[in-house]
Amino acid sequence: MTPVATPFFFYFLSAIALLSGLAVITQKNPVHSALALIMTLLSLAGLYLMLYAPFVAGVQIILYAGGIMVLFLFVIMLVSIEKSSREYQFNHQWHVAALATAVLGGLLIYVYVRGRGIFPNREAVLPETLNTQQVSLHLFNDYLLPFEIASLLLLVAIVGAVVMAKKRI
Amino acid sequence: MPGFHRGDYLLALPMMLLTLFALGVLLIDLLLDRSSKVINAWAAFAGLAFSAAAVHNIQRAFADQAARGEPSSPFFAFSGTLMVDRFAVFFFYLFLAAAAITILMSVRYLEVEDEHHGEYYALILFSVVGMMCMAAGNDLILLFIGLELMAVSTYILVGFLRRDRRSNEAALKYLLLGAFSSGIFAYGLSLLYGLAGSTNLQQISMALGNAMAPGKARVVPAVALVTTAAGLFFKIAAVPFHQWAPDAYEGAPTSITGFMSVAGKASAWALLLRIFLFALGPMRPLYVPILVFVAIATMTGGNLAALTQSNVKRLFAYSSIAHVGYIMLGLIAGTAFLPNPDGIRGILVYLLVYTFMNLGVFGVIASLRRRDIIGDELDDLNGLFFKAPTEAVLMLTFLLSLAGIPPLAGFYGKYFIFLALIESGHYALATLAVIYVAVSAYYYLRVANAMFMRTAGDRVPVTISPGMWAGLAITGAATVVIGIYPEPFLRMVNWSMHVAQNPTVAQLLR
Amino acid sequence: MTPTAIISIVTFLPLAGGIILLALPRGAENAVRRWALFVTVLEFFAAAHIAFMPGHHFSMSGWAMEENYAWISTPAIRYHVVLDGISLWLVILTAFLTPLCVLISWRSVHDRVKEFFFLLLVLETALTGVFVAFDLFLFYFFWEATLIPMALLIGMYGHGRRIYASVKFFLYTAVASVFMLVAILWLYAHTGSFDFTVIQPWLRSHPEVAAGNAGLWLFLGFFIAFAVKVPIFPLHTWLPDAHVEAPTAGSVLLAGVLLKMGTYGLLRFCVGLFPEAARAQAGWINVLAIIGIIYGALVAMVQPSLKKLVAYSSVSHLGFVVLGIFTFTAAGTAGAVYQMLNHGVSTGALFILVGMLYERRHTFEISEFGGLASRMPVYAAFFVFITLSSIGLPLLNGFVGEFLVLSGAFRDRAIYGILGASGVIWSACYMLWMVQRVFYGENRNPANALLPDASAREKLTLWPLSAMALIMGVAPMIWLSSINPPVEQILKNVAPASHMAYVAGGQK
């Protein structure tokens with residue numbers, strides 16, 4: 001299936017992602033920030049789809065936007081944040097931060113331009129219907145041990161949350 | 001070979017046993033009442049013992065390999081993601097020993113702090129699982145997941161004293177900075193994957209060998225190197241990535257400070273050596289200058305900051321940072337393309353003796369914790385020789401060993417690294433390092449001075465639990481014995497240096 | 001030369017005694033003292049009998065006695081210990097002074113007695129080890145091992161500023177020793193061995209290293225460590241503090257033996273391994289030695305404290321030793337070794353005498369004393385006798401050593417001999433003036449009238465020292481016959497210059 005109007009969708013989704021990202025850090029109301037973050041994540045999911053990676057796009061939406069961001073919103077709405085919703089969002093050192101960001105950005109752009117030739121010029125060769133299967137084949141064959149250890153990591157995180165937060169354990 | 005084979009089972013058995021026992025501890029903790037929580041410690045100990053037996057099983061496989069006259073080759077498991085070689089076996093034993101001694105020292109400490117929960121022991125076991133993955137990983141993903149498992153367990157353990165504000169703050173700082181640095185580390189790993197098309201360390205090494213050929217643009221590998229190295233330097237607390245260490249060490253429960261400073265550091269070094277020697281081997285001409293700068297900064301920052309500390313745990317945090325600087329010199333030693341085998345041997349010996357010395361030091365500090373005295377100020381050590389003479393003498397042994405005075409164990413660590421530096425012609429670095437060693441003698445002497453030559457603040461005797469005695473006895477004996485008769489331990493280190501698989505590293509075979 | 005285990009026995013006997021001492025019950029202090037005395041006296045007899053063992057001839061050149069075992073395989077460190085004429089007498093000196101230290105501390109150390117004697121015994125082992133070690137790593141090992149017991153002795157049992165003195169002592173020596181470590185490691189990296197008997201021939205066969213830049217840096221690395229220990233001006237500032245604040249036994253061992261570690265090292269390693277570099281640098285080293293002689297004497301003259309006066313006299317006397325070593329003459333070097341022994345006996349005795357005075361009056365100030373000779377005649381007699389020995393009166397030991405050194409110095413450069421000889425005059429000045437103020441003249445302090453004379457124990461401590469001072473003065477050949485051969489062997493490597501060829505045959 002040939003892709004349609006690819007440059008347009010790329011710029012469109014990237015613009016949404018960047019503008020939402022800016023909104024995350026500039027919005028005063030935390031709920032607005034969280035919603036802007038969800039927009040960023042959704043546009044990233046769209047970019048993943050364009051790269052013929054439906055599995056990652058799906059995981060992004062289900063886990064990140066659907067799970068983690070919902071958790072964020074729960075916590076934000078449970079905690080009373082009227083005071084912070086009226087505060088100026090930038091601290092006094094934002095000039096230094098902007099300079100550092102510009103330098104870092106310039107460095108990354110330079111690196112990309114100089115090193116463009118080093119990355120293999122690969123087009124996505126997988127038909128998208130097989131993407132999820134390929135991921136699962138790798139996950140359960142080649143990366144079996146990391147997968148299991150990751151489950152341990154989740155267990156530890158849960159245990160840690162309980163240990164930290166529960167009054168009497 | 002995809003799939004799960006019998007060999008995989010045996011090679012992953014140490015980790016599996018630890019996991020099983022950790023889960024077991026979590027479960028039986030629910031059945032225990034407050035006074036019998038020490039059974040958790042016993043269960044954790046049993047887990048460590050079983051895991052050690054499993055590691056011994058793997059070691060026997062290596063012995064059989066040698067008996068058959070084959071050259072030493074590592075065992076691969078799980079489609080090449082896990083590589084258990086002698087180097088990994090050495091670190092497995094080290095982690096298990098450190099965890100065992102920590103558990104010995106923790107029981108009474110937690111009872112006094114009134115935070116004696118089973119989750120503590122389970123988290124220690126889980127973090128050892130993570131460490132084992134870091135030491136034996138051959139794949140970027142396994143290394144990263146192992147790192148995260150170790151780190152997250154440690155974050156929680158640092159904050160285990162839930163009612164102590166310093167502990168909470170320490171955990172939060174460690175968590176935030178750790179997560180941030182893991183992110184940078186992951187970015188570096190992703191660049192390495194992009195360059196190589198595979199997450200396997202050997203494949204990455206080959207791809208980097210091609211990428212570093214003269215005439216090619218080296219910016220992307222350079223960025224990959226810098227970001228990966230930054231993440232790793234954070235984990236070992238090298239200057240200027242060390243800011244989390246003094247706060248985390250000070251706020252954490254003292255037994256966990258000991259565990260972090262020893263096992264956490266050893267595992268981070270195992271990870272660093274895996275990545276720098278196996279994956280980034282072809283990039284050595286690029287990373288040696290970075291290491292030189294960081295090593296000098298680390299030795300300077302650690303030693304100079306330790307001179308003015310009044311909190312003993314912070315003092316030893318900075319001393320740990322200084323030791324990291326010396327260890328890094330071992331990696332620097334060598335030509336621009338190949339590391340010096342004595343340097344790598346020095347790193348392994350240093351980590352071995354450092355484990356016992358530092359655990360001993362923090363054990364002594366932990367034993368000073370009483371109901372109303374936290375026991376980590378320098379003044380709390382005043383006159384310790386009169387209240388608890390054996391402990392004071394043991395502490396003196398550890399301090400002198402840390403300062404590198406023969407005939408104690410710490411001398412051998414420094415000796416090999418200096419030898420490697422001189423063999424490879426880094427005379428200026430060697431001189432700088434010995435000057436810093438002399439500087440460090442001053443703050444170690446300050447602690448000894450407080451113990452022996454000042455009068456005690458109060459006359460309350462120091463009670464030491466049997467577990468703590470056992471822990472101090474093991475660490476003290478190790479420090480003295482390794483110093484006087486290092487031969488078996490040096491042979492163990494030589495044995496673990498047979499890391500022949502990677503051709504870049506094959507010349508380390510001795 | 002047959003291998004024997006006597007060297008190891010003599011080295012580790014005090015340590016074994018110390019470990020057994022730890023097992024004695026707390027509170028049985030008299031038992032502790034007696035056991036320590038027994039061990040140290042046994043050690044002395046064991047060490048002394050080596051000189052008379054049949055089948056080992058110290059009056060021949062070459063190592064008279066050695067033991068060589070493998071210790072660690074990687075890196076190749078061997079347990080290689082050797083006794084020749086020079087080290088034998090230094091070992092015997094150590095063994096001689098330690099029982100006297102035990103005796104002098106009999107009453108003056110009253111709490112933590114067990115730890116005190118344990119540290120003393122460990123120190124004796126470490127000191128003996130330094131003198132016998134022939135593997136550079138082993139040497140460094142023992143060298144560093146002397147620091148800890150000495151620092152603890154000063155810091156735990158010393159006087160007012162003991163902590164400052166102890167830390168200063170430790171840091172000075174530890175910092176200087178690390179440069180020696182770097183030099184040792186360089187030698188290992190290039191020769192593959194730590195053994196002196198391997199490194200020395202290697203250096204002989206690689207003149208581009210030994211005589212070139214590398215040799216100079218290596219020489220300086222070793223030199224710094226020994227210069228702090230001796231001490232050579234201007235690195236001597238740790239010595240007055242350490243000596244004054246140390247307990248009496250500590251001062252005796254510090255002055256009597258520890259300082260000799262430095263001079264022994266200069267002779268054995270600096271001159272023995274790097275003769276070309278030593279020759280080239282001898283000029284400024286001799287100047288520093290002479291400055292040390294005169295400066296030490298002048299500063300001693302104005303000291304109000306008795307112990308500090310003796311401490312600075314040490315600086316002055318050891319300047320003679322350094323001068324003797326770096327004149328590269330047989331007379332000078334043999335005199336230097338002999339002076340090492342003399343200084344051990346006479347300054348050790350001086351510190352013991354000062355300690356006895358402190359036990360009575362708890363002060364070192366000269367102004368507190370006066371006219372003691374009439375109150376304590378026996379003690380005064382010993383004191384004057386030892387003073388004369390320290391000054392270098394003929395018939396006593398100091399004269400022989402100083403004369404040999406000065407004759408060697410004169411042959412090197414006349415001005416060295418002249419200035420060195422002036423040092424003899426200065427030392428007579430301050431010592432005799434001190435004796436006059438303390439023992440003769442008017443007694444202005446009523447407390448002095450009640451002082452008891454030397455007790456039996458104290459006389460027991462002083463008689464051996466005085467006897468040695470006399471015997472070493474009238475019959476030096478007993479010692480020089482075994483010192484001369486190894487000295488000549490060391491000097492054979494130093495590039496022969498015209499004035500060295502004339503061996504001091506007539507001065508004996």
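Treat the numbers as computed from the prediction; the structure is a model and nothing was measured. In what follows, every heavy atom counts, from backbone to side chain, and hydrogens, waters and symmetry copies are set aside. Residue numbers begin at 1 in each chain, while the letters A, B, ... track the order of the sequences.
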Requested in this report: I would like to know whether B/Q59 and B/Y93 meet side-chain contact (heavy atoms from CB on, under 4.5 Å); could you show each step before the answer?
Outcome: CA-CA 10 Å; B/Q59 189 188 357; B/Y93 277 129; 2.6 Å; yes

Report task. May I have the step-by-step check of side-chain contact (heavy atoms from CB on, under 4.5 Å) for C/H80 and C/L138, ending in yes or no? Result -> CA-CA 8 Å; C/H80 189 184; C/L138 193 63; 5.7 Å; no

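Using cut-offs of 30° and 60° on the angle between ring planes, the pair C/F269 and C/F139 is tilted.
Proximity to chain B (any heavy atom under 4.5 Å) is shown, for C/S177, by neither the backbone nor the side chain. With a 4.5 angstrom heavy-atom cutoff, C/F142 does not touch chain B via any of its atoms. If you measure heavy-atom distances from C/L181 to chain B, the contacts under 4.5 Å come from the side chain alone. Using a 4.5 Å cut-off between heavy atoms, C/I148 contacts chain B through its side chain alone, with no backbone atom that close. For B/L408, no part lies near chain C; criterion is any non-hydrogen pair under 4.5 Å. Interface residue B/L400: only side-chain heavy atoms are found under 4.5 Å from chain C.
Sorted by first and then second residue, the side-chain hydrogen bond (donor to acceptor under 3.5 Å, both in side chains) pairs with a member in residues 388-405 of chain B read B/S367-B/E391; sequence neighbours excluded.
Panel note: side chain B/Y326, backbone B/K414; no donor-acceptor pair is recorded below 3.5 Å. Between the side chain of C/W186 and the main chain of B/I422, no donor-acceptor pair closer than 3.5 Å is present.
Put simply, of B/I435, B/V437, B/N449, B/T431, the one with the most heavy-atom pairs under 4.5 Å next to chain C is B/N449.
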